[in-house]
Asker: 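To start, I am sharing the structure in question, which I have written as structure tokens.
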Amino acid sequence: MLTRQQRLLLLAPLALVLVPFLIWPALFGFLASFTNYAPAQAHLQLVGLANYKTVIGDQQFRAAFRNILVFGVVAISAELAIGFGIAYLLREPFRGRELLRVVILLPWLVSPLASGVMWHFLFSSSTGMHNFLFASLRLPTLPSPLGTSGLALPATIATDVWRKSPLVSFLLLPGLLALPPELWEQATLEGASLVSRIRHIALPGLTPLILTVALLLVGDTLGLFDSIVIMTGGGPGSETITPALYSYQQAFQINNWPVGATSAWFIVAAVLLVGLCYLSLARQEAS
Amino acid sequence: MDAGWWAARRRGFVIRTALLIGCVAIFILPLIWTALASFGVVPDETASPPAWTFPPTTANYAEIGIAEPTFAQELLTSTGLSIVVTLLTITVGFLAAYSLARSGFRRKRLVAQSFLLLASMPVMAYVIPLNDTVRFLRLHDTFVGVALAQTAVYAPLATFILYGYLSPLSLEWEEAARLDGARPLQVLAHVVLPLVASGVAAVAVIVFVLNWNLFLLPLVIQTSHIKTITVAMSDFFTFERELEWPTAAAALIVSLAPLAVLVAVAHRVLEGFRLGAVE
């Protein structure tokens with residue numbers, strides 16, 4: 001065991017990085033949201049909840065949270081399901097499994113921003129994949145779904161699922177492999193079906209890990225920005241605007257700093273809310 | 001074991017192989033399409049039925065340098081930044097995780113999970129005030145500023161994951177070393193680190209990838225001097241002339257290649273990657 005002083009010394013470097021570059025800005029943003037603070041603001045004054053009123057009253061902001069709710073529910077469930085499926089397929093050893101584990105991780109290595117650029121072109125009418133297929137089948141070609149009302153959000157969700165399902169499978173596979181082999185042997189002897197193996201062996205053993213992955217995915221989704229800004233810029237209309245895009249536009253493009261910082265605090269609040277659910281679920285799981 | 005069992009097993013094998021090939025095809029096809037485009041092999045719109053334009057060329061890779069003259073510089077910036085930030089992240093995360101794992105504190109699991117909560121906080125949640133803080137510290141648009149701000153992004157995640165490696169370690173070795181008169185940092189470097197070295201390396205690879213791909217943070221903390229490859233790509237995609245797909249594809253492949261090589265080289269190490277403690 002270390003002494004108290006030694007433990008604090010070991011924690012100090014992390015604190016030196018996190019306090020000025022994460023915790024203080026987050027708190028400062030919260031405090032500033034009750035004022036008219038902005039970098040070039042000469043007369044600082046308290047404005048109460050005025051910023052919050054502005055943000056909540058904004059159609060765009062409400063659309064952003066509605067979009068991200070749909071996006072999150074659909075994309076995260078799909079990513080968990082597909083990621084789990086791939087991990088399950090990779091569970092038993094076979095020749096070439098090591099290679100496959102690396103190859104299947106490739107989509108996640110593409111940065112969200114580059115993935116946005118890539119799908120912009122892959123969805124476009126002249127360079128796209130689907131239109132090449134349609135043309136080969138002598139079907140009429142379609143405009144990019146990213147610019148089509150009603151299709152833009154599903155299309156962006158699909159790109160997110162493409163990029164992140166491989167990561168989920170990469171994170172879940174070690175958990176599957178760590179389950180005691182006796183459980184699988186038992187299931188084989190009993191002739192258990194695939195569904196029952198998944199329900200009674202894989203899922204119970206993986207629950208803590210799945211919760212952890214889910215929390216990270218939720219956080220990532222709530223900050224969704226890089227790929228959206230390239231693919232749709234929030235459009236058409238406000239069909240794909242996200243909270244992160246909204247905050248960014250307010251703070252750095254319209255130069256409405258207070259509204260930007262205040263709306264970003266809704267992202268913090270959402271992550272904290274989901275995080276508290278995670279903590280209580282993880283605690284139930286442990287006991 | 002009767003014949004039926006073998007038949008079922010064989011059928012399972014065939015189905016699994018088919019599904020895996022299907023998955024790989026779906027996930028990799030977009031990248032193959034991009035790689036082909038980077039060599040100028042793109043669908044020919046004028047042909048019917050659709051065909052490909054041939055022959056392949058490497059001209060598009062040269063074109064990157066014309067569309068973005070400082071591309072090589074930006075590659076270097078991204079490389080240097082990602083290496084420095086990865087080392088910093090792993091160092092501060094490792095020390096903190098060790099401190100937590102070796103404390104007698106009863107609720108330390110909860111503390112570790114709070115780090116996970118910090119890790120899931122998206123950059124957008126605090127980047128607007130962070131921009132102010134960094135300017136106040138006179139670190140805006142400097143290597144140090146971007147490096148420290150990036151370190152803060154994934155240090156909580158690294159701490160959480162490394163805690164998972166350190167907390168199940170038996171105390172035996174450390175106690176023995178201490179009885180021999182080793183100081184805590186010596187114990188850490190010569191006893192603890194070797195025991196978890198491959199895990200630490202796996203976390204380092206993942207942290208490197210995450211940093212290489214960061215966009216919003218370097219975008220906000222820099223204006224011109226510390227331009228990373230993601231910021232450069234967004235620049236020449238959004239602000240400058242209409243970008244041609246083969247050039248964009250080539251830039252994309254160039255930005256992806258280092259990560260693909262890294263992950264391929266480190267694939268054995270990555271097999272030991274564990275997210276969270278094995279209870």
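The sequence lines fix the lettering, A, B, ..., with proteins before strands; numbering per chain opens at 1.
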Asker: Are any of the side-chain heavy atoms of A:L272 and B:M121 separated by less than 4.5 Å?
Answerer: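 Of all side-chain heavy-atom pairs linking B:M121 with A:L272, at least one is under 4.5 Å.
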Asker: Tell me, out of B:T151, B:L216, B:V153, B:L137, who's got the most heavy-atom pairs with chain A below 4.5 Å.
Answerer: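 Of the options given, most contacts go to B:L216.
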Asker: Among A:A269, A:G175, A:G128, A:A270, who wins on heavy-atom pairs under 4.5 Å with chain B?
Answerer: A:G128
Asker: Under 4.5 Å heavy-atom distance to chain B, tell me which part of A:Y37 shows up: side chain, backbone, both or neither.
Answerer: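 The side chain, not the backbone.
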Asker: If you compare all heavy atoms of A:A282 against all heavy atoms of B:R109, which two are closest, and at what distance to 0.1 Å?
Answerer: O-NH2, 4.4 Å
Asker: Which one wins on heavy-atom pair count under 4.5 Å against chain B: A:W257, A:F266, A:F170?
Answerer: A:W257
Asker: Among residues two or more places apart or on two chains, list those pairs meeting ring-ring contact (aromatic ring centres under 6.0 Å, His included) that have a residue in residues 211-231 of chain A.
Answerer: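 Sorted pair list: A:F225-A:Y248.
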Asker: Which bit of B:L188 comes within less than 4.5 Å of chain A, counting heavy atoms only: side chain, backbone, both or neither?
Answerer: side chain
Asker: Checking heavy atoms, do the side chain of B:A248, its backbone, both or neither come under 4.5 Å from chain A?
Answerer: side chain
Asker: Check whether any side-chain heavy atom of B:T34 sits under 4.5 Å from a side-chain heavy atom of B:W245, and report yes or no.
Answerer: yes
Asker: Shorter than 4.5 Å, heavy atoms on both sides: which option in A:L222, A:I230, A:V218 has the most such pairs with chain B?
Answerer: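 The candidate making the most pairs under 4.5 Å is A:I230.
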Asker: Can you tell me how far CG of A:L8 sits from CD of A:Q5, rounded to the nearest 0.5 angstrom?
Answerer: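 Taking CD in A:Q5 and CG in A:L8, the distance rounds to 8.0 Å.
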Asker: Which of the residues B:I26, B:I28, B:V42 is involved in the greatest number of heavy-atom pairs with chain A at under 4.5 angstrom?
Answerer: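 Looking at each option in turn, the highest pair count goes to B:I28.
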Asker: What part of A:L22 lies closer than 4.5 angstrom to a heavy atom of chain B: side chain, backbone, both or neither?
Answerer: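 For A:L22, heavy atoms of backbone and side chain both lie under 4.5 Å from chain B.
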Asker: Would you say B:V144 and B:L148 make side-chain contact, with heavy atoms under 4.5 Å?
Answerer: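 B:V144 vs B:L148: side chains touch.
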Asker: By the salt bridge (Lys or Arg N to Asp or Glu O under 4.0 Å) test, which pairs, at least two apart or in different chains, include something from residues 207-231 of chain A?
Answerer: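 Qualifying pairs, neighbours excluded: A:K164-A:D220.
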Asker: Can you name the nearest heavy-atom pair linking B:Y163 to B:P168, along with the distance?
Answerer: O-CD, 4.4 Å
Asker: Given the options B:V127, B:L110, B:I206, which has more heavy-atom pairs under 4.5 Å with chain A than any of the others?
Answerer: B:I206
Asker: Could you tell me which of A:L89, A:I267, A:L27 has the largest number of non-hydrogen atom pairs under 4.5 Å with chain B?
Answerer: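 Option with the top pair count is A:L89.
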Asker: Sort B:T159 into side chain, backbone, both or neither according to what part of it lies under 4.5 angstrom from a heavy atom of chain A.
Answerer: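 Just its side chain gets close to chain A.
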Asker: Is chain A contacted by the side chain of B:P184, its backbone, both, or neither, given a heavy-atom distance below 4.5 Å?
Answerer: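 Contact with chain A involves the side chain of B:P184 alone.
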Asker: Could you give the distance from CG (B:L275) to CG (A:L216), rounded to the nearest 0.5 Å?
Answerer: 6.0 Å
Asker: Could you look at B:T133 and say if it's the side chain, the backbone, both or neither that has a heavy atom under 4.5 Å from chain A?
Answerer: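 Side chain of B:T133 only, per the 4.5 Å heavy-atom cut-off to chain A.
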Asker: Are B:F27 and A:S165 packed together at the side-chain level, in the sense that at least one heavy-atom pair is separated by less than 4.5 angstrom?
Answerer: yes
Asker: Within residues 18-25 of chain B, which residues come under 4.5 Å of chain A, heavy atom to heavy atom?
Answerer: B:L19, B:L20, B:C23, B:V24
Asker: To the nearest 0.5 Å, what is the distance between CG on B:L36 and OG on B:S38?
Answerer: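 The OG atom of B:S38 is 7.5 Å from CG of B:L36, to the nearest 0.5 Å.
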Asker: Please give me the minimum heavy-atom distance between B:T228 and B:L214, naming the atom from each residue.
Answerer: OG1-O, 4.5 Å
Asker: Against chain B, label A:A244 side chain, backbone, both or neither, depending on which of its atoms sit under 4.5 Å from a heavy atom there.
Answerer: both
Asker: For chain A, find which of B:A119, B:G93, B:A264, B:A125 contributes the most heavy-atom pairs closer than 4.5 angstrom.
Answerer: B:A125
Asker: Looking at B:E271, B:M233, B:H267, which one has more heavy-atom pairs under 4.5 Å with chain A than the rest?
Answerer: B:E271
Asker: Tell me, yes or no, whether the heavy-atom count around A:Q253 atom CD, taken from other residues, nucleotides or ligands under 6.0 Å, exceeds 12.
Answerer: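 Counting neighbours around CD of A:Q253, more than 12 heavy atoms of other residues, nucleotides or ligands fall under 6.0 Å, so yes.
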Asker: Quick check on B:V209 against chain A: is it the side chain, the backbone, both or neither that has a heavy atom closer than 4.5 Å?
Answerer: side chain
Asker: Sequence neighbours excluded and cut-off under 3.5 Å, please list the side-chain donor-acceptor pairs for residues 91-112 of chain A, or say none.
Answerer:
from: A:R97; atom 1: NH1; to: A:L90; atom 2: O; distance (Å): 2.8
from: A:R97; atom 1: NH1; to: A:R91; atom 2: O; distance (Å): 2.8
from: A:S111; atom 1: OG; to: A:A114; atom 2: N; distance (Å): 3.0

Asker: Which atoms of B:W33 come close to chain A, meaning under 4.5 Å heavy atom to heavy atom: side chain ones, backbone ones, both, or neither?
Answerer: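 For B:W33, side-chain heavy atoms alone lie under 4.5 Å from chain A.
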Asker: Quick check for you: to the nearest 0.5 Å, what is the distance between B:K108 atom NZ and B:S99 atom OG?
Answerer: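 Output value for this atom pair is 10.0 Å.
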Asker: Look at A:N131, A:T212, A:I23, A:L209 and state which one has the largest set of heavy-atom pairs under 4.5 Å with chain B.
Answerer: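 Most heavy-atom pairs under 4.5 Å with chain B: A:T212.
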Asker: In terms of heavy-atom pairs under 4.5 Å, which option from B:V134, B:V92, B:L157, B:L139 contacts chain A the most?
Answerer: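 Heavy-atom pair counts peak at B:V92.
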Asker: Between A:S115 and A:W119, is any pair of side-chain heavy atoms under 4.5 Å apart?
Answerer: yes
Asker: Just so I know, are the side chains of A:L14 and B:L95 near enough to count as touching, which here means a heavy-atom distance under 4.5 Å?
Answerer: no
Asker: Would you mind reporting whether B:N131 and B:H140 have side-chain heavy atoms less than 4.5 Å apart?
Answerer: yes
Asker: Chain B: which of A:F28, A:W162, A:F252, A:F30 shares the most heavy-atom pairs with it under 4.5 Å?
Answerer: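 Answer, by heavy-atom pair count under 4.5 Å with chain B: A:W162.
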Asker: In terms of heavy-atom proximity below 4.5 Å to chain B, should A:R283 be classed as side chain, backbone, both, or neither?
Answerer: side chain
Asker: Is there side-chain contact between B:F94 and B:L166, with heavy atoms separated by less than 4.5 Å?
Answerer: yes
Asker: Under a 4.5 Å heavy-atom cut-off, does chain A meet the side chain of B:R135, its backbone, both or neither?
Answerer: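 For B:R135, no heavy atom lies under 4.5 Å from chain A.
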Asker: For the atom pair OG1 (A:T159) and CZ (A:F123), what is the distance rounded to the nearest 0.5 Å?
Answerer: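 Rounded to the nearest 0.5 Å, the OG1-CZ separation comes out at 6.5 Å.
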Asker: Given a strict heavy-atom distance threshold of 4.5 Å, which part of B:F115 is in contact with chain A: side chain, backbone, both, or neither?
Answerer: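 Just its side chain gets close to chain A.
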Asker: Is B:L117 in contact with chain A via its backbone, its side chain, both, or neither, using a 4.5 Å heavy-atom distance?
Answerer: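 Both backbone and side chain.
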Asker: Considering only heavy atoms, which portion of B:L252 lies under 4.5 Å from any heavy atom of chain A: side chain, backbone, both, or neither?
Answerer: side chain
Asker: With a 4.5 angstrom heavy-atom cut-off, which part of A:L137 approaches chain B: side chain, backbone, both or neither?
Answerer: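 Nothing of A:L137, per the 4.5 Å heavy-atom cut-off to chain B.
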